[in-house]
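Order of the sequence lines fixes the chain letters, A, B, ..., with proteins taken first and strands second; residue numbering starts at 1 for each chain.
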2 protein chains.
Amino acid sequence: MSSDRAPRPAPAQSDATAEAARPAGRARLSRGLVLRTAVALADRSGIDAVSMRRLAQELGVVPMALYKHVANKEELFDGMVDVVIGEIAPPCEDSGWKQAVRRRVLSARQTLLRHPWAPQVIESRTAPSPAVLDHMNSLIGTFRAGGLSADLTHHAMHALGSRMWGFTQEVFPTAPPPADPELREIVFRDLAVRYPHIVEIATAGAHDPGSVVGSTCDDQFEFEFALDLLLDGVDRLHQRSWSSAQARDRDG
Amino acid sequence: MSSDRAPRPAPAQSDATAEAARPAGRARLSRGLVLRTAVALADRSGIDAVSMRRLAQELGVVPMALYKHVANKEELFDGMVDVVIGEIAPPCEDSGWKQAVRRRVLSARQTLLRHPWAPQVIESRTAPSPAVLDHMNSLIGTFRAGGLSADLTHHAMHALGSRMWGFTQEVFPTAPPPADPELREIVFRDLAVRYPHIVEIATAGAHDPGSVVGSTCDDQFEFEFALDLLLDGVDRLHQRSWSSAQARDRDG
DNA sequence: CTCCGGAGGTGTACGCCGTACACCTTCGCC
DNA sequence: GGCGAAGGTGTACGGCGTACACCTCCGGAG
């Protein structure tokens, strides 16, 4: 415990060492356990309380032990986001696209309300994780199944960003595609298989199908699209003298 | 430099000390200078580069010197947000409310694009600063001047949140009002003078005018309001076979 | 002019943080 | 039984926010 530095002469004082190495009942660490514990800690004490040291303590383990399961703190956050995304209810395609999307978005909101730290963490990610891409892909699928054009769906998704995630942004900075054209082709095919809907709407209206990942869309246009949707909607309500009281009455 | 702890016997070795105390040309520190430098640093190197130590170095000063001008790092962030908000163009009431709001929101977006770190920092504040309240107050004023009801304006403001700030949220957690009713009355009057429009829409439809600061509004309702505005708008575009190409053509 | 008080700036120290690196222990497999 | 990898430990480093005691300088009152 105290001072000797040279290669330990005595290999094991079995009881003290054993207790230190595995305090009786503690389960073996695993990536999943680490992530779930981190999420629970963030829920309970806020995202700032999630430090490697505090989390390790929570798990009854030394801080460095975590690094066998997550590469670093950024990757820990990535994993936590995936856990949260995984809690969003899967799509249910019973009624029309509008109801289906509405339900999905409201479910996402409920999930994020359970994890108030999540929007901030999601927003700080530099790239969307597979879980995020899956979620988007299936939501796009719902629009498309409802008959909306790829083009309109594309803009609708941008407009909905703020509703789904609890924040809006130039959503993900979308890293530039690899320079090597051959490699890019491979990556592209891979994406198309895994996230066909995303690739479809990303390329809709784009001339160069290879530039999916690059910013094929005009952020200013997307912003104004969503803004005008809202302003025009408000205007329409204004013109028909809408009031929240009557709205509440109508749909209970 | 090294070891003596007792009250210094020699009061001043004038040249070395003088150089340390004021390196010739450096301007005197001030809150404004500190904040502007912090904003510039964040713009240049990202918000994570804004540490008290780095910022002090930027200013040619020892870290603790900053604490004479900002209470702590949180207050530094608060101040940085105010600097950014101050850059948003003031309202111009020439055309109708819709144009006026549109312009203002687009101006806010331009400002936030210049300071990509800002949305994240704004989102992490626990209370809205006076600058934020001023901005909101005047935007509400624009709606009201255009003839919209306080009620509709209230919901429109919630819906626009995401467009104005680059993120949406249960916008500000709005700290509970002081328990002492007398004190609360004073705070309330104060708010009504400084932010009349905010108070008006906050109390619109609320039965107890004293509970302004408390959550008089139903977050779930606000969320669905904005969501339906978007979904209905998309639906309408879908039904008239809207496409982005023709939209771009129409308004150049 | 002197004196003094307070505002502005300094230096040291503390307890956190993420994580590199070398090590030891344990487990699963041959 | 032995061995290599996977899992866990311990130490150490540099950076962080900031408490606290100090020093210095400036402006105004006497």
Side-chain angles (χ1 to χ4, degrees), chain A residues 1-24 26-34 38 41 45-78 124, chain B residues 1-24 26-34 38 41 45-78 124:
Chain A
M1 264 314 175
S2 53
S3 57
D4 62 349
R5 282 287 63 239
R8 292 276 177 76
Q13 318 88 307
S14 75
D15 75 34
T17 306
E19 190 204 308
R22 188 75 60 84
R26 187 175 58 58
R28 192 91 172 273
L29 241 45
S30 74
R31 186 177 162 89
L33 179 59
V34 168
L41 177 56
S45 313
I47 193 65
D48 285 344
V50 179
S51 68
M52 298 305 267
R53 293 168 130 97
R54 180 103 166 62
L55 177 56
Q57 185 181 337
E58 203 82 1
L59 287 159
V61 119
V62 98
M64 287 312 294
L66 302 177
Y67 287 86
K68 290 285 153 74
H69 303 274
V70 297
N72 51 45
K73 200 178 182 185
E74 287 301 288
E75 212 205 75
L76 174 71
F77 280 160
D78 287 346
S124 71
Chain B
M1 269 310 175
S2 52
S3 57
D4 61 348
R5 281 289 60 238
R8 293 275 176 77
Q13 318 89 305
S14 76
D15 76 33
T17 308
E19 189 205 307
R22 189 71 59 83
R26 187 174 60 56
R28 193 91 171 276
L29 241 47
S30 75
R31 187 177 162 87
L33 179 58
V34 168
L41 178 55
S45 313
I47 194 64
D48 285 343
V50 180
S51 68
M52 297 304 266
R53 293 168 130 97
R54 180 103 164 63
L55 177 56
Q57 185 182 335
E58 203 82 2
L59 286 159
V61 118
V62 97
M64 287 311 293
L66 302 178
Y67 288 87
K68 291 286 151 77
H69 302 275
V70 297
N72 51 46
K73 201 179 180 185
E74 287 300 288
E75 213 205 73
L76 174 72
F77 281 160
D78 287 345
S124 71

Quick check: closest heavy atoms across B/Arg54 and B/Ser45, and the distance to 0.1 Å? NH2-OG, 4.0 Å

Which heavy atom of B/Leu76 sits nearest to which heavy atom of B/Ala38, and what is that distance? CD1-CB, 4.0 Å

Which listed nucleotide ([options]) is nearest to the side chain of [X]?
| X | options | value |
| --- | --- | --- |
| A/Arg28 | D/dT18, D/dT9, D/dG7 | D/dG7 |
| B/Ala65 | C/dG18, D/dT18, C/dT10 | C/dT10 |
| A/Met64 | C/dT19, C/dG18, D/dT18 | C/dT19 |
| A/His69 | D/dT18, D/dG7, C/dT10 | D/dG7 |

How long is the line joining [atom1] of [X] and [atom2] of [N], in whole Å?
| X | N | atom1 | atom2 | value |
| --- | --- | --- | --- | --- |
| A/Asp48 | D/dG17 | CG | P | 13 Å |
| B/Arg31 | C/dG9 | CZ | C1' | 18 Å |
| A/Leu59 | D/dG7 | CG | C1' | 14 Å |
| B/Leu66 | D/dA19 | CG | P | 13 Å |
| B/Leu33 | C/dG8 | CG | P | 13 Å |
| A/Ile47 | C/dC17 | CD1 | P | 14 Å |
| B/Arg53 | C/dT12 | CZ | C1' | 11 Å |
| A/Tyr67 | D/dG10 | OH | P | 17 Å |

Can you give the donor-acceptor pairs under 3.5 Å from side chains of residues 59-72 of chain B to other protein atoms, not counting sequence neighbours?
| residue | atom | partner | partner atom | Å |
| --- | --- | --- | --- | --- |
| B/Asn72 | OD1 | B/Glu74 | N | 3.1 |
| B/Asn72 | OD1 | B/Glu75 | N | 3.0 |

From A/Asp78 atom CG to A/Lys73 atom NZ, the distance as rounded to the nearest 0.5 Å: 12.5 Å

How many angstroms lie between CG in A/Asp48 and OG in B/Ser124, if you round to the nearest 0.5 Å? 9.0 Å

Both A/Leu29 and B/Met52 contact DNA chain D. Which one's nearest nucleotide lies toward the 5' end? A/Leu29

DNA chain C nearest-nucleotide lookup for A/Asn72 and B/Lys68: closer to the 5′ end is B/Lys68

Donor/acceptor link under 3.5 angstrom from A/Lys73 side chain onto base of C/dG18: no

